[in-house]
K.L.:
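What follows is a structure written as C-alpha cells; I'll ask about it next.
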Amino acid sequence: MNLKSFSVASAFLVLAIYLALLVGLIASLDPTRILKIISSERLVFSTILSLKAAILATFIAMVLAVPAGYALSRLEFRGKAIVDTLLEVPLIITPVAFGAMLLIFFNTRAGILLQTGLGSFVFEFSGIVLAQFLTTAGLTVRMVKGTFDGIPARFEAVACSLGATPLQAFTTTTLPMAARGIIAAACISFAKCLGEFGATAMIAGAMPMKSETLPISIFIRLGSADIEGMAILILILLAVGISVILILKFNLKQNYD
Amino acid sequence: MIELRKISAQAGAFSLRNVDLKIDSGQCHVIVGPTGAGKTFLIETLLGLRNITSGQVLANESDISTLAPHKRKIAYVPQDNCLFPNMTVAQNIGYGLQFCMNGGKETQELIEHLAGFLKIRHLFDRWPGNLSGGEKQRVALARALVTRPSLLALDEPFSAIDQTMREDIRRLLKELLEEFKTTTLIVTHDHDEAFFFGDQLSIMINGEIIQTGPREQMYYYPKTAQAAEFLGMKNIFRARAIEVDPDHVVIDWYDMQTKMTIPCHCSQKRFKPGQDLFFGIRSELVFVIRPGFENKPGFYLFDANVKKFYRRGRNHTLIAEIISNKKLIFEIDIHDVAAKKLEICEGKKITISLEPRRVFLYSA
C-alpha cells in the first residue's frame with residue numbers, strides 16, 4: 001500500500017467510525033414517535049435554554065476576547081506571558097474540575113460578596129451562562145488572537161501615518177480584515193457553549209425544566225433510560241454543530257475582488 | 001524640514017545610536033544600508049511607533065518627539081505597500097482625507113492630478129488584491145500624497161516590484177517627487193536606487209549612520225572602506241602611506257611591491273606617513289588594455305589573467321587575477337564592444353590600467 005492510498009484509507013476509516021455511530025443513533029429511533037418527542041414541552045425548553053445561554057455566553061466571551069486577543073497579539077505589557085499561559089487552563093483541566101473550582105470560589109468570602117452584589121449563580125440561569133463562558137473564553141481569546149496575529153501590524157501603522165487615531169486605525173483596517181476570523185471564533189465558541197456539560201452540571205445542577213440544557217437533558221434521559229429522547233437531543237446538537245461548520249466553510253468567504 | 005538629533009532607541013538586542021539626520025524641505029534623502037542595519041526601525045522611530053531613549057525629532061524646528069503617530073503628518077509607504085484589502089482603490093486613496101481637514105475642491109483637484117500623473121484613474125473601482133506590484137505601488141503613493149504630508153517615508157519602495165516594471169516605476173516616482181516637491185525619506189539596500197533618488201545620502205550600518213552627504217560626494221568620496229564597499233566599490237586593497245604632501249599621497253601597495261602617487265581629493269581625510277590605509281577603485285573605472293599597448297603617462301599597469309567572465313547584456317563583468325600575486329583579484333565592468341575588441345574570454349591574459357585620479361584612499 002503506497003502513502004497516498006494509506007492516507008486516503010485512514011481518512012475514510014475515521015469517517016466510517018463516525019457514520020457508524022450516526023447510523024446506530026438514527027436506527028434507534030421509532031419514526032412514529034419522533035414528532036411527539038420533538039414537540040414535547042421539555043425538549044423545547046431544553047433547546048431554548050441552551051440557545052439562550054450559549055448566545056449570551058458567546059456574546060460575553062466575544063466582547064472580552066476581541067480586546068484581549070488584540071492586546072495579546074499586538075501589545076507588550078507586564079504579565080503578558082502569565083496571561084497567555086493561564087488562558088490555556090480551561091483547555092487542560094476538565095470542565096467538571098472547573099465547575100468544582102467555581103463552587104469552591106462561591107463559598108469563599110469574595111464569592112459570597114460577588115453573589116450578594118450580582119445575585120446567585122448556583123442552580124440559576126446565570127450559573128449556566130457563567131459555566132459556559134468560563135470554559136470557552138480562553139479558547140475564544142486564543143482564536144481571536146490567532147486571527148490578529150495573521151494581520152500585519154503595518155496596516156495600522158500606515159493608517160496612523162495617514163491621520164487615523166489608533167482606535168480609528170483598528171476599527172477601519174484590522175477589525176474588518178479580522179471579521180472572518182472573529183465570526184469563526186464566535187461560531188466555534190457558540191458550538192462549544194452549546195455542548196458544555198461538566199461545569200454546567202456542577203454549578204447549575206441537573207434539574208429537569210430548570211437547568212436542563214441539551215447536554216444535561218441527554219444525561220438525565222440516559223439515567224431514566226429514555227433512549228429515543230436522548231437520540232433526538234444528540235441529533236439536535238449534531239445539527240447545530242454541523243450547521244456551524246457549514247457556515248464557516250461556505251458562507252464566510254471574504255473575497256475582495 | 002525634518003531633523004533627527006542624536007536619536008537613540010532600543011528594541012531587544014538591537015539599538016539605534018545617536019542618529020543625526022536632516023532632511024531639507026522638498027529634498028529627497030536616502031538612507032542606504034544592508035539588511036538588518038536598522039533602516040525600517042529608524043522609519044518606525046520617526047513615525048512614532050517606537051519610543052526613543054534619547055534625542056529629538058523636529059519638524060520645522062518644533063519638537064514632535066512625543067507626538068502620537070497620527071499627529072506627525074509623516075505618510076508611510078511600507079515595503080509591501082499595505083493597501084487595505086477591505087477597501088477599493090478609490091477608498092484607499094481617500095482614506096487619509098476622513099481624518100484631516102483637507103476636504104473640498106482643492107483636494108479633489110489633487111486627487112485628479114495624482115490619478116492622472118500616476119495613471120491610476122482606471123483602477124479606482126478595483127480591489128487591491130487584483131492589482132500588479134507596480135499598480136499597488138502607484139496607488140500607495142497616491143494614498144500617501146493626498147494627505148499633503150510633511151514627510152513621505154518610503155521603505156524599500158521597489159522590492160515588491162518585478163524587475164521589468166521597476167525602472168518605469170522608479171522614473172515615475174522621481175518625476176512625482178520633483179513635480180510635487182515632497183520632502184521624502186527613502187530607505188533601501190540598493191545603492192543604485194540611492195544614487196538615483198537621493199539629493200542627500202546616508203549610509204547606515206548596525207544602527208549607526210556612518211556617513212551623510214550629497215550624492216556626488218558620497219559616490220566619489222566615501223569616508224571608509226566599509227562605506228565604499230557598501231556603495232558598490234568592488235576593488236579595495238590594503239596599502240600604506242609613505243609620503244604625504246598637500247596634493248598627493250604616495251602609497252606603498254606592499255602586496256604588489258609597487259608605489260603609486262595618488263592625488264588627494266579635497267574632502268578626503270589627511271593621511272600621515274606610515275599610516276595603514278585602504279585604496280579602492282570602482283569596477284567601471286578600471287581599464288583593460290591590450291598587452292603591449294602604449295600606456296598613458298602616470299597610469300599604473302598590471303598584468304592579469306581573466307579568471308571568470310560573466311556576460312550580461314551591454315556590460316559584462318570580468319574577474320581578473322594579478323599574475324604576480326594571485327591573491328589580488330580585480331572586478332572590472334567592461335562594455336560589450338570593448339570586450340569583443342579585446343576578445344575577452346576566460347584564461348586570456350590582459351593588462352589592467354589604473355588611473356591615479358580614479359583611486360580613492362580610506363583610513364584602515
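So you know, we letter chains A, B, ... as the sequences are listed, proteins then strands, and number each from 1. A quick note: this is a predicted structure, and the numbers were derived from the prediction, not measured. Heavy-atom basis, side chains included; hydrogens, waters and symmetry copies ignored.
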K.L.:
Side chain from CB out, backbone as N, CA, C, O: work out which of these in R143(B) comes under 4.5 Å of a heavy atom of chain A, or both, or neither.
P.N.:
both
K.L.:
Please classify the contact of A153(A) with chain B as side chain, backbone, both or neither, using a heavy-atom distance under 4.5 Å.
P.N.:
neither
K.L.:
Quick check on L47(B) against chain A: is it the side chain, the backbone, both or neither that has a heavy atom closer than 4.5 Å?
P.N.:
side chain
K.L.:
Given heavy-atom pairs under 4.5 angstrom as the criterion, report whether the side chain, backbone, both or neither of Y95(B) touches chain A.
P.N.:
side chain
K.L.:
Name the residue from I7(B), T45(B), L42(B), L16(B) that meets the side chain to side chain contact (heavy atoms under 4.5 Å, CB included) definition with R50(B).
P.N.:
T45(B)
K.L.:
Is the Y70(A) ring parallel, tilted or perpendicular to the F170(A) ring (thresholds 30°, 60°)?
P.N.:
perpendicular
K.L.:
Give a yes or no on this: more than 12 heavy atoms of other residues, nucleotides or ligands lie within 6.0 Å of atom CD1 of I82(A).
P.N.:
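Result for CD1/I82(A): open.
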K.L.:
Test the R138(B)-F117(B) pair against the cation-pi criterion, namely NZ or CZ under 6.0 angstrom from the six-membered ring centroid and within 45° of the ring axis.
P.N.:
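Ring-cation test returns no.
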